Amino acid sequence: MADLDLQPKLMVGEGWGDFALLDSGHGRKLERYGDYRFIRPEPQALWSPRQPDWAAHGEFVPGSDEDGGGRWLFGGGQFDRAVPRDGWPMARDEVRFTASCTPFRHLGFFPDMAPVWDWMGSRLDGLDAAQTLNLFGYTGVGTLSLSRFGPVTHVDASKKSVAQARANAALSGLEARPVRWIVDDAAKFTAREVRRTKRYDGIILDPPKFGRGPDGEVWRLEESLPGLIGDCAQLLDGQSRFLFLTVYAVRMSSLAIAGLLAEALAHLPGRIEHGDLAIREQGEGGRVLPTAIFARWSGAT
């Protein structure tokens, strides 16, 4: 039976050559993506900014309701010609990918996931041809990071996201890596894998608060997550290395999702931990900005 550590942990991203959190405060954050600077909403930045003025190429202004919406503002309300409309290349280690200003306030990937990619690599290190599953895989940066350890199954309900993930693989020169790119509802796909008696060495999932599958399937986190975690648990065994779950933009404790993992993975040895993902501001004495909650299971191997 996996041991549940009740004490929360921090997984802090420090930024890298192509990304930095420059400043934060008053409910916003200033970030650098390659050569471009952007301002985005960040409700957890309750403190005051350190810099009096933020020079940026664009800013995302949220809608009036808390469920999303909003728009990007660029020079004078028009798209700033300094920001490529079709995106621009970025890189982390061997993985190259395209960043762009999406309608959902993201820029095509989640930089706070960088320490997660590193942690998964440490869990798989030394394992020959590890089989991993990335659910809600988005544009594939995490998938490509996993692909150096063995075959990856990448699942996302968005055809556009999977197409961008494949494009990122080509941009990285990694299109020959053993990745299955699948457009499907994550819950339905996982249930089928259970019926097929599939098995994985590691699973990562980053489910949204609300979403729809390619055939109109409805996903609501609080209602749908327990069943999905239960199915994921059946795809792991005593030799598996990890399950990693991240949750954004919900009023929920990391201990709650850790308890869900503890229940679903009670048949397996190992350890369950939970806490916050965060990014450290650039520079001396940089503050740590929390961005999401996580729960993770580490196999005993």
Side-chain angles (χ1 to χ4, degrees), residues 1-6 8-9 11 110 112-113 116-117 119-120 123-124 130-138 142-143 146 152-157 180 182 184-213 217-277 291-301:
M1 181 176 181
D3 294 325
L4 172 58
D5 186 349
L6 295 178
K9 314 290 183 185
M11 297 185 73
F110 297 98
D112 54 342
M113 291 293 291
V116 179
W117 304 329
W119 180 85
M120 292 189 299
R123 293 296 303 151
L124 296 173
Q131 299 272 347
T132 55
L133 173 62
N134 187 359
L135 297 171
F136 310 96
Y138 197 37
T143 292
L146 284 170
V152 188
T153 300
H154 173 107
V155 182
D156 198 283
R180 287 198 298 161
I182 296 174
D184 202 350
D185 176 77
K188 284 188 173 180
F189 175 83
T190 306
R192 287 198 301 272
E193 292 288 87
V194 171
R195 292 194 294 272
R196 295 168 183 147
T197 66
K198 295 287 187 176
R199 179 239 173 230
Y200 289 94
D201 292 295
I203 300 174
I204 178 172
L205 59 162
D206 180 21
K209 179 179 179 181
F210 176 84
R212 292 188 183 275
E217 302 92 341
V218 175
W219 168 273
R220 292 185 176 87
L221 185 79
E222 292 85 349
E223 299 172 8
S224 306
L225 185 59
L228 177 58
I229 292 297
D231 282 343
C232 286
Q234 296 185 64
L235 301 177
L236 301 168
D237 62 23
Q239 300 303 308
S240 299
R241 299 299 179 90
F242 70 81
L243 184 149
F244 202 103
L245 167 65
T246 56
V247 175
Y248 289 80
V250 295
R251 296 184 179 95
M252 187 182 294
S253 165
S254 64
L255 186 57
I257 58 174
L260 177 62
L261 294 196
E263 178 182 69
L265 297 165
H267 62 294
L268 294 178
R271 186 173 182 83
I272 294 168
E273 299 167 303
H274 66 97
D276 284 347
L277 296 184
T291 58
I293 60 174
F294 75 87
R296 68 190 187 193
W297 168 77
S298 304
T301 302

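No hydrogens, no waters, no symmetry mates; every other heavy atom, side chains included, goes into these values. Only a predicted model underlies this, so the values are computations on that prediction, with no experimental measurement involved.
- No side-chain donor-acceptor contact under 3.5 Å links Arg241 to the backbone of Leu124.
- Counting only N and O atoms by type, the side chains of Asp231 and Thr190 include no donor and acceptor under 3.5 Å apart.
- To the nearest 0.5 Å, atom CD of residue Glu217 and atom CZ of residue Arg212 are 10.0 Å apart.
- A donor-acceptor pair under 3.5 Å links the side-chain atoms of Arg123 to the main chain of Gly299, judged by distance alone.
- You'll find the side chain of Ile229 reaches within 4.5 Å of the side chain of Leu205, heavy atoms only.
- In this structure, SG on Cys232 lies 6.5 Å from CG on Leu133, to the nearest 0.5 angstrom.
- Put simply, the side chain of Met113 reaches to within 4.5 Å of the side chain of Ile204, judged on heavy atoms.
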Practice problem: Using the side chain to side chain contact (heavy atoms under 4.5 Å, CB included) rule, take Met120 and Phe242 through it: C-alpha gap first, then chi angles, then the decisive distance, then the call. | Solution: CA-CA 7 Å; Met120 292 189 299; Phe242 70 81; 3.5 Å; yes
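- When the side chain to side chain contact (heavy atoms under 4.5 Å, CB included) test is applied to Asp276, the partners found at least two apart in sequence or on another chain are Leu10, Pro290, Ile293.
- Listed here is the closest heavy atom pair of Ser240 and Trp297: O-CH2, 3.7 Å.
- Within the 4.5 Å cutoff, the side chain of Thr153 has heavy atoms near those of the Val155 side chain.
- Evaluation of the ring-ring contact (aromatic ring centres under 6.0 Å, His included) rule for His274 yields no partner, not counting sequence neighbours.
- Atom CG in Leu261 sits 5.5 Å away from atom CD1 in Ile272 (nearest 0.5 Å).
- Residues meeting the ring-ring contact (aromatic ring centres under 6.0 Å, His included) test with Phe294, sequence neighbours left out: Phe244.
- Within the 4.5 Å cutoff, side-chain heavy atoms of Leu260 are placed close to those of Pro226.
- Here CG of Asp156 is found 10.5 Å from CG of Asp185. Values are rounded to the nearest 0.5 Å.
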Check: residues 262-271 side-chain donor-acceptor pairs under 3.5 Å, at least two apart:
{"residue": "His267", "atom": "ND1", "partner": "Ala264", "partner atom": "O", "Å": "3.4"}
{"residue": "Arg271", "atom": "NH2", "partner": "Asp5", "partner atom": "OD2", "Å": "2.9"}

Practice problem: Could you go through the side chain to side chain contact (heavy atoms under 4.5 Å, CB included) check for Met252 and Leu221 one step at a time? | Solution: CA-CA 11 Å; Met252 187 182 294; Leu221 185 79; 4.1 Å; yes
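- Here the side chains of Asp112 and Thr246 are not in contact, with every heavy-atom distance at 4.5 Å or above.
- Side chain of Trp219 to main chain of Pro208: a donor-acceptor pair is present (N/O by atom type, distance under 3.5 Å, no hydrogens or angles).
- Annotation: ring-ring contact (aromatic ring centres under 6.0 Å, His included) contacts of Tyr248 (sequence neighbours excluded): Phe110.
- Within the structure, every pair that satisfies the salt bridge (charged side-chain N to carboxylate O under 4.0 Å, His left out) test and touches residues 194-207, not counting sequence neighbours, is listed here: Glu193-Arg196, Arg199-Asp201, Arg199-Asp237.
- Counting only heavy atoms from C-beta outward, the side chains of Phe210 and Val218 approach each other to under 4.5 Å.
- One distance of note links CZ of Phe136 with CG of Leu245; it measures 9.5 Å at 0.5 Å rounding.
- Considering only heavy atoms from C-beta on, Val247 stays 4.5 Å or farther from Ser254 through its side chain.
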